[in-house]
Engineer: 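Supplied in structure tokens, the structure appears directly below.
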Amino acid sequence: MNKGETHGTTNKYIWLIEILSQPKTFMQVQELWKKCSLNNNQGQPLDRKTFYNWRQTIFDYYGVKIKTTRAGAESSYQVESGPGRDNVRNWLIGTISVQNKLISNMSIRDRILLEDVPSSGECLDTVLDAIKQNRLISFDYDDYWEDPLTVTMQPYFVKLYRQHWKVIGPLEDGKIEGIRSYALDADRMKNLKVLEEKFIYPEDFSPEDFMADCIGTTTFPTKAAKPKDVIILAWEKVNLYLKHTPLHRSQRILHDCPEDGYTIFSYHLHTTDDFYQEVCRYGNYMEVLYPKDVRAEMMKIIKGMGDEYAGVSREDCKQKVPSVKELKALMEDAEG
């Protein structure tokens, strides 16, 4: 894309990709453009030269080809394939597509609720700059589970998971088996700096391959252990949800029993903290059947939750916890 291309022009390319997911004639495209909120000259049709220029730019920049099908005297146009396997371009197109929809529906903006996300803008910009230059970064990090620490690392790549950006890579020594992940949240990552010292990014390292056997952003030391075969039973609505939104890309259906409302899935992955948290999300609608150690860990987690509610866990500390009556009074005071 040329440097002179504006953000608004990019939105128009995405608009054209979207409407041509189904075949349309040039006249149909023109009619849709007349009513499009991105059209600065409302009511004016798209001219043929602009249409062909956009087609070429879409192919050059996004790798998306718009094919022509001739039927008699009239031709129709349609996107030949999706954005491809490039996750970044796929995500970019999806993001701009949603933005287009929001812009087109500003009149009902109070009826469109968005998810709050932690601030990561400045941190993300700095880390991406370091990645481009293969330079080390240093920062003070407030870890929720350990004491605050100062980190110097080689930023290999970033990953977005559950609205959180994380930078992932080895520490200063560059040992692959010591790869870590850190959240790019402004309240956790402070005094972030790009250092002068450079590192050599391994030619044979693939971020996608490294994270392929994991859910989320929890890293697993290379060669420390092999991924496990896991079998999970899912009930009722959860099994239907998983069929459309897999828990992990290795998901396979081993047995489906729609009459009794359950499905048994298999996975090949690392059973990291993110994995257990994901299973816990579904409560008693999901059960780990195999292997024994993963099932035992889930039972330990469930027992811990039961002990928490029964008052057995952290019993001495809980004696100091204010009563529900006192807490409700505090809530009323806060609201007042």
Side-chain angles (χ1 to χ4, degrees), residues 1-109 112 114 120-121 124-134 156-160 165 201 203 205-209 211-212 249:
M1 185 179 293
N2 297 329
K3 291 183 179 180
E5 297 288 4
T6 65
H7 184 67
T9 305
T10 303
N11 290 340
K12 295 169 185 176
Y13 299 150
I14 304 303
W15 171 83
L16 188 60
I17 291 173
E18 284 191 305
I19 67 163
L20 293 182
S21 60
Q22 300 296 324
K24 289 180 176 61
T25 65
F26 179 65
M27 187 175 294
Q28 289 173 320
V29 172
Q30 285 184 309
E31 288 302 311
L32 289 169
W33 179 246
K34 284 182 182 180
K35 305 171 186 175
C36 179
S37 62
L38 297 170
N39 186 353
N40 295 327
N41 299 304
Q42 284 288 310
Q44 294 297 314
L46 185 69
D47 65 80
R48 193 173 292 272
K49 182 180 179 181
T50 301
F51 175 68
Y52 283 110
N53 287 340
W54 287 6
R55 284 180 66 189
Q56 187 60 48
T57 303
I58 286 170
F59 178 73
D60 293 340
Y61 189 67
Y62 296 109
V64 177
K65 185 177 181 180
I66 296 174
K67 65 178 181 179
T68 305
T69 303
R70 301 190 184 281
E74 197 166 30
S75 298
S76 63
Y77 304 90
Q78 184 179 10
V79 170
E80 189 170 59
S81 60
R85 306 169 92 175
D86 186 327
N87 288 334
V88 174
R89 288 183 178 175
N90 198 357
W91 177 80
L92 175 65
I93 288 174
T95 300
I96 299 175
S97 174
V98 171
Q99 179 177 290
N100 283 349
K101 289 179 174 61
L102 293 175
I103 292 173
S104 300
N105 292 282
M106 285 299 287
S107 62
I108 55 168
R109 58 184 178 276
I112 302 174
L114 302 177
S120 62
L124 180 59
D125 287 343
T126 302
V127 169
L128 291 176
D129 188 48
I131 290 175
K132 284 188 286 187
Q133 300 180 62
N134 285 335
Y156 273 16
F157 62 99
V158 293
K159 182 176 181 180
L160 179 65
W165 282 103
Y201 182 74
E203 292 183 3
F205 182 82
S206 166
E208 187 171 353
D209 291 343
M211 300 300 298
R249 67 181 186 177

Engineer: Tell me, with the steps shown, if Ile131 and Tyr201 meet side chain to side chain contact (heavy atoms under 4.5 Å, CB included).
Structural biologist: CA-CA 9 Å; Ile131 290 175; Tyr201 182 74; over 6 Å; no
Engineer: Identify the heavy atoms of Val79 and Ile17 that sit nearest to each other, and give their distance.
Structural biologist: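 So the minimum-distance heavy-atom pair works out to CG2-O, 3.6 Å.
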Engineer: Name all residues meeting the side chain to side chain contact (heavy atoms under 4.5 Å, CB included) criterion together with Gln56; count only those two or more places apart in sequence or in a different chain, and write none if there are none.
Structural biologist: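 Gln56 satisfies side chain to side chain contact (heavy atoms under 4.5 Å, CB included) with Phe59, Asp60 only.
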Engineer: Hey, could you give me the CH2/CD1 distance between Trp54 and Ile66, rounded to the nearest 0.5 Å?
Structural biologist: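 One gets 10.5 Å once the value is rounded to the nearest 0.5 Å.
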Engineer: Can you find a pair of side-chain heavy atoms, one from Leu16 and one from Phe51, that are under 4.5 Å apart?
Structural biologist: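 In contact.
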Engineer: Write down the atom of Asn40, the atom of Lys12, and the distance for their closest heavy-atom approach.
Structural biologist: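 Looking at all heavy atoms of both residues, the shortest contact is ND2-NZ, 4.0 Å.
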Engineer: Considering residues at least two apart in sequence or located in another chain, which fulfil the side chain to side chain donor-acceptor pair (under 3.5 Å) criterion with Tyr77?
Structural biologist: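 If we apply the side chain to side chain donor-acceptor pair (under 3.5 Å) test to Tyr77, skipping adjacent residues, the hits are Tyr52.
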Engineer: Ignoring hydrogens, what is the shortest heavy-atom contact between Pro45 and Trp33? Give both atom names and the distance.
Structural biologist: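 That closest heavy-atom pairing would be C-CD1, 3.8 Å.
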Engineer: My understanding is that only residues two or more places apart in sequence, or in another chain, count here; which of them pass side chain to side chain donor-acceptor pair (under 3.5 Å) with Asp129?
Structural biologist: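 Scan of Asp129 (side chain to side chain donor-acceptor pair (under 3.5 Å), adjacent residues dropped) gives Gln133.
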Engineer: Grab the two heavy atoms, one from Gln30 and one from Leu46, that are nearest each other, plus how far apart they are.
Structural biologist: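 That would be NE2-O, 2.9 Å.
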Engineer: Under the side chain to side chain contact (heavy atoms under 4.5 Å, CB included) rule, collect the residues that match up with Lys49, sequence neighbours excluded.
Structural biologist: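 For Lys49 the side chain to side chain contact (heavy atoms under 4.5 Å, CB included) partners, ignoring immediate neighbours, are Asp47, Asn53.
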Engineer: Would you confirm whether Glu18, through its side chain, and Tyr13, through its main-chain N or O, come within 3.5 Å as a donor-acceptor pair?
Structural biologist: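 Side chain of Glu18 to backbone of Tyr13: no pair is present.
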Engineer: Looking only at heavy atoms, what is the nearest atom pair of Ser37 and Gln42, with distance?
Structural biologist: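 The answer is CA-NE2, 3.9 Å.
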Engineer: Counting distance only, does the side-chain N/O of Gln78 pair as donor-acceptor with the main-chain N or O of Leu20 below 3.5 Å?
Structural biologist: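 Answer holds: no.
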Engineer: Roughly how far, to the nearest 0.5 Å, is CZ of Arg55 from OG1 of Thr68?
Structural biologist: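 Going from OG1 on Thr68 over to CZ on Arg55, the span is 4.0 Å.
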Engineer: Would you please name every residue forming a side chain to side chain contact (heavy atoms under 4.5 Å, CB included) with Asn41, sequence neighbours left out?
Structural biologist: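 Listed in chain order: Asn39, Gln44.
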Engineer: With sequence neighbours excluded, what pairs up with Lys34 under the salt bridge (Lys or Arg N to Asp or Glu O under 4.0 Å) test?
Structural biologist: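 Counting only residues at least two positions away or on another chain, Lys34 forms a salt bridge (Lys or Arg N to Asp or Glu O under 4.0 Å) with Glu31.
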Engineer: Nearest 0.5 Å please: distance from the CD atom of Gln22 over to the CD atom of Gln28.
Structural biologist: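 Taking CD in Gln22 and CD in Gln28, the distance rounds to 11.0 Å.
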Engineer: Rounded to the nearest 0.5 Å, how far apart are OG of Ser76 and NZ of Lys67?
Structural biologist: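 Reported value, rounded in 0.5 Å steps: 8.5 Å.
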Engineer: How long is the straight-line distance from CG of Leu128 back to CZ of Phe157, given to the nearest 0.5 Å?
Structural biologist: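 Here the rounded value is 13.0 Å.
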